[in-house]
Every structure is written in C-alpha cells, then in structure tokens.
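Each remark here refers to the structure printed beneath this line.
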Amino acid sequence: MARETSDSNLSGLSQTPSANRVHISFFGRRNAGKSSLVNAVTDQSLSIVSDVKGTTTDPVSKAMELLPLGPVVIIDTPGLDDEGILGEKRVEKTYQILAKTDVAVLVIDAAEKPSSDDFSLMELLKKKQIPYIIVLNKTDLLAAVPGTKDFDFPFLAVSAKAGSGITELKEKLAQLGKSTAPVKQLIGDKLSKNDVVILVTPIDESAPKGRLILPQVQTLRDILDTHAISMVTQVPELSACLSALKAPPALVVTDSQAFHQVKEIVPRSVPLTSFSILMARFKGILETASKGAHHLPTLSDGDRVLISEGCTHHRQCEDIGTVKLPGWIEKFTGKKLDFHFTSGGQFPQDLSPYALVVHCGGCMLNEREMLSRMELAKKAGVPFTNYGTLIAHINGILDRSLEIFHE
C-alpha cells in the first residue's frame, strides 16, 4: 500500500522532507513496463501508461509512504534506449537520476532478452554501489514463468498487469531501502538529556513568512528527540537569552549570515556552530567542505567560482547565493572573480572550468546526490565547500565551529 504525501519546499513542519526519504528509481528500456510497475507498486496512477514507446519523456518523482518501508520518493524514468536528438537528452536525464538513487529497479520485458542497455546499467549500478533489483515484467504474457536457471543473474518475476509478484517486490524494496538508510542525527549524538541549545534564527526579508526554514526545523526536532532543551531567538535577543540561563548553554547554533554578530555575543567557552555546518555533517561532506574553504586565498583575478543551490526559490534583492556570498568572497580575497550560478537539478557534470565550488547546505537534496556532486568536484580537482563552512572561515571562526565534532 502507498499513500501520497505533500512534500513541497513549503511543508517542512508536517512531512518527512524528500531529502530524508529513500529514493527508489525505476529504469529500463521503452515498453518494458516501468510505468505500469510504478503504478502497481504505489497502487496509484502515478505515471502515464501507453503501448506507444517513449511515453515517459521526463523523470517523474513523487514523495509518498510506501509500506512496509515508509517515507520514500518514487522516480519513473525515460527509456534507456530512447532514440533521436531528444531521445539522447532523455537518456542523459535518466542516467543523471542515478546521482540521487538509493535503490534501483531495473525492469526488463520477460518476453525479451536483456539488452546491452540493461547490462550497461547493471555494471554502472555495481560501480556506483547502488543496491538494485532486476525485475522481469509482463510474465502474464508467457506460457511459463522464467526460472532462476533461465538467466545469469538473480531476478524477480512479476506482472504489473496481473499484480503477481508485487508484494514480494515491495518487501525486497523495503529490505534494501532500510539497509541504505542508516539512522543519522544532525547534532543529537553530541547532546545529552536536558542540555540547553540556543538556536539563533534571524527573521529578515528573505525569511519565509509564518515558518522556519527546513534546516532549523530539522535541528529543532533532533534536539527534542534527544530530550535536550531548545531556546529559539533572534540576534537582538541573544544576550538576554544567555543571561536568563543559570549555566552556559551546551551549544549555540546560528544562521550562517549572523555569524559575525553572534560570535561577538557568545562567550568563547560556549560551543558555536551553524545550521549549514550541521547540514554539511549530516550530508557527509563536512571534511571536504572544511578543506575547500581554506582554498579561498588561492583564488586569482578572473577565476570562475560556481555557487550552487539544491532548490529553486524566489530570489530577494539581498539573496545570499547570488548577492551576499559573491560580495563576501571578493572582499575577503581582494580579487575580482567570475561567478556562475545554478539551482535545483541543474549542476554541471564537468567542473574543470571552475576554481571553487560553493554549495548550499543541501537540505532539499538527499545524501547520495550531495556526495555525487562532491565527487564530481574531487574528480575535476576542484575545491568544494558549502555556504556555512565558507562563511565561518571568512569570519575567522571555522575551527571554533567544528570543535563540537572533535572526538
């Protein structure tokens, strides 16, 4: 059974964010029955189904609850064998989905032999260490269901049309999904019961009306799950917040943009970090981001710097990615730089033209996609960092911001 959930950028209070869901992607040649299988697994008409080859022309994603696994993102992709100029672009998009895939389902028409496209994808999945299931679909059209000796690889025989094998597929997806989703915490593993944590959340023109941004909500929830105590304030009230406590807080977490003010208010003896640095740790990129920030002094006039955001949003006149960060970087380095910007799913596969990549916290991207983007930078020999880590370095407090994570 599957249940659709609302998971837009604006609904962080009541739903599991897409970034924290297991991403299950369905791959295969045209007319292998990918879309039919997606609909059967989700028990919904998620994808358009047709006998015409190439009906799915773009990846289709939907956040939902898939029992017995839980919160997932289901992704249906165009055929691996699409043709023509547009077909090549669709295939390219399909392979790009691997960057965010936690579990893959390779769908093969049971009446046809596996193609070179199928075998190429199997090799790529092994190379990328993405757990996958091979599904032989349309078994209802065969006189006899294939056995394990009929193919040189393990598979699951199903019929999306007849519904046979779907329960077994769901159980297998749950098994693989749970193995790829280890329990991780933003900061709870560094806290004890009744520890007091102050969250500094500035409310300015760029703050969303009536809510907190996702990293702030996730941090707050992590503190509550640890049975620690949270205090939420803005910069002007921070001093009063500290004075109201009988003992110093266990930690202060601030929005990166307020680092320069908060560092002057919070005593040096109190651990201080940022939401963005917590996200870098949560996504597995903190060590690389820290090293990347130290490359700022190596930049030269005219160097290209890529600033990338994982989501798309309406940009304010004082947008951090396109306005504030470029200004801070040029002021710190004293260099005139060539800034380039991407957002959402747009991210260059070739990063060699850049001297530095600065990424957002990635709260809307899952860990695998963040690691994939980091690996692209490493492969190109380009330093990679994120907003909060870079801003902490610019403010001279990066080492202090990382102290709480040292064993």
Side-chain angles (χ1 to χ4, degrees), residues 186-187 190 197-207 213 215-216 219 232-239 241-242 248-283 285-299 303 305-309 316 318-337 339 355-363 383-406:
L186 277 166
I187 194 60
K190 297 295 181 181
V197 181
I198 298 179
L199 307 180
V200 184
T201 60
I203 305 298
D204 54 23
E205 289 184 0
S206 62
I213 63 175
Q216 295 167 353
T219 304
V232 184
T233 187
Q234 297 189 67
V235 176
E237 292 74 40
L238 178 56
S239 294
C241 224
L242 289 165
L251 174 66
V252 174
V253 184
T254 181
D255 184 282
S256 299
Q257 298 182 65
F259 250 141
H260 63 291
Q261 298 168 283
V262 173
K263 70 173 184 178
E264 302 299 330
I265 300 172
V266 178
R268 182 62 184 83
S269 57
V270 174
L272 170 65
T273 193
S274 74
F275 295 104
S276 188
I277 288 176
L278 293 184
M279 290 304 299
R281 177 177 183 251
F282 190 64
K283 302 295 181 180
I285 67 166
L286 183 56
E287 183 178 356
T288 298
S290 177
K291 292 177 180 177
H294 285 90
H295 279 269
L296 271 181
T298 68
L299 295 177
D303 276 350
V305 175
L306 176 65
I307 298 181
S308 184
E309 294 194 349
Q316 305 286 339
E318 285 298 306
D319 181 68
I320 183 171
T322 57
V323 179
K324 291 181 179 179
L325 265 176
W328 292 334
I329 292 172
E330 288 195 334
K331 182 179 179 180
F332 181 82
T333 61
K335 307 296 182 183
K336 188 65 178 175
L337 303 166
F339 291 97
L356 178 67
V357 175
V358 186
H359 207 288
C360 71
C363 62
F384 181 93
T385 188
N386 84 329
Y387 287 15
T389 311
L390 188 76
I391 294 170
H393 179 66
I394 288 174
N395 281 278
I397 57 169
L398 179 55
D399 288 344
R400 178 182 178 185
S401 301
L402 302 178
E403 283 177 359
I404 191 169
F405 307 122
H406 298 161

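The basis for the numbers below is simple: all heavy atoms, side chains too, and nothing from hydrogens, waters or symmetry mates. Sequence positions, counted from 1, serve as the residue numbers for this chain.
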Atom pair [atom1] ([X]) and [atom2] ([Y]), whose distance is rounded to the nearest 0.5 Å:
| X | Y | atom1 | atom2 | result |
| --- | --- | --- | --- | --- |
| I394 | K331 | CD1 | NZ | 10.0 Å |
| L272 | S401 | CG | OG | 5.5 Å |
| L278 | C363 | CG | SG | 12.5 Å |

Minimum-distance pair of heavy atoms, taken over all atoms of [X] and [Y]:
| X | Y | value |
| --- | --- | --- |
| V235 | P202 | CG2-CG, 4.4 Å |
| R281 | L186 | NH1-O, 2.9 Å |
| G362 | K283 | O-CE, 3.1 Å |
| I391 | W328 | CD1-CZ3, 3.6 Å |
| L325 | V358 | CD1-CG1, 4.3 Å |
| L242 | V266 | CD1-CA, 4.3 Å |

Donor-acceptor contact below 3.5 Å, side chain [X] vs main chain [Y]:
| X | Y | value |
| --- | --- | --- |
| Q234 | I203 | yes |
| K263 | N395 | yes |
| E330 | L337 | yes |

Sole residue of Y387, F332, F259 in ring pair (Phe, Tyr, Trp, His ring centres under 6.0 Å) with H393
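One option only clears the test, and that one is F332.
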Do any side-chain atoms of residues 287-294 form donor-acceptor pairs under 3.5 angstrom with protein atoms, and if so which ones, sequence neighbours left out?
{"unit_1": "E287", "atom_1": "OE2", "unit_2": "K291", "atom_2": "NZ", "d": "3.4"}
{"unit_1": "H294", "atom_1": "ND1", "unit_2": "S290", "atom_2": "O", "d": "2.8"}

Using the side-chain contact (heavy atoms from CB on, under 4.5 Å) rule, pick out the option among V253, N386, T254 that qualifies with S276.
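For S276, the side-chain contact (heavy atoms from CB on, under 4.5 Å) check succeeds only for N386.
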List the steps, then state whether side chain to side chain contact (heavy atoms under 4.5 Å, CB included) holds for T385 with L296.
CA-CA 10 Å; T385 188; L296 271 181; over 6 Å; no
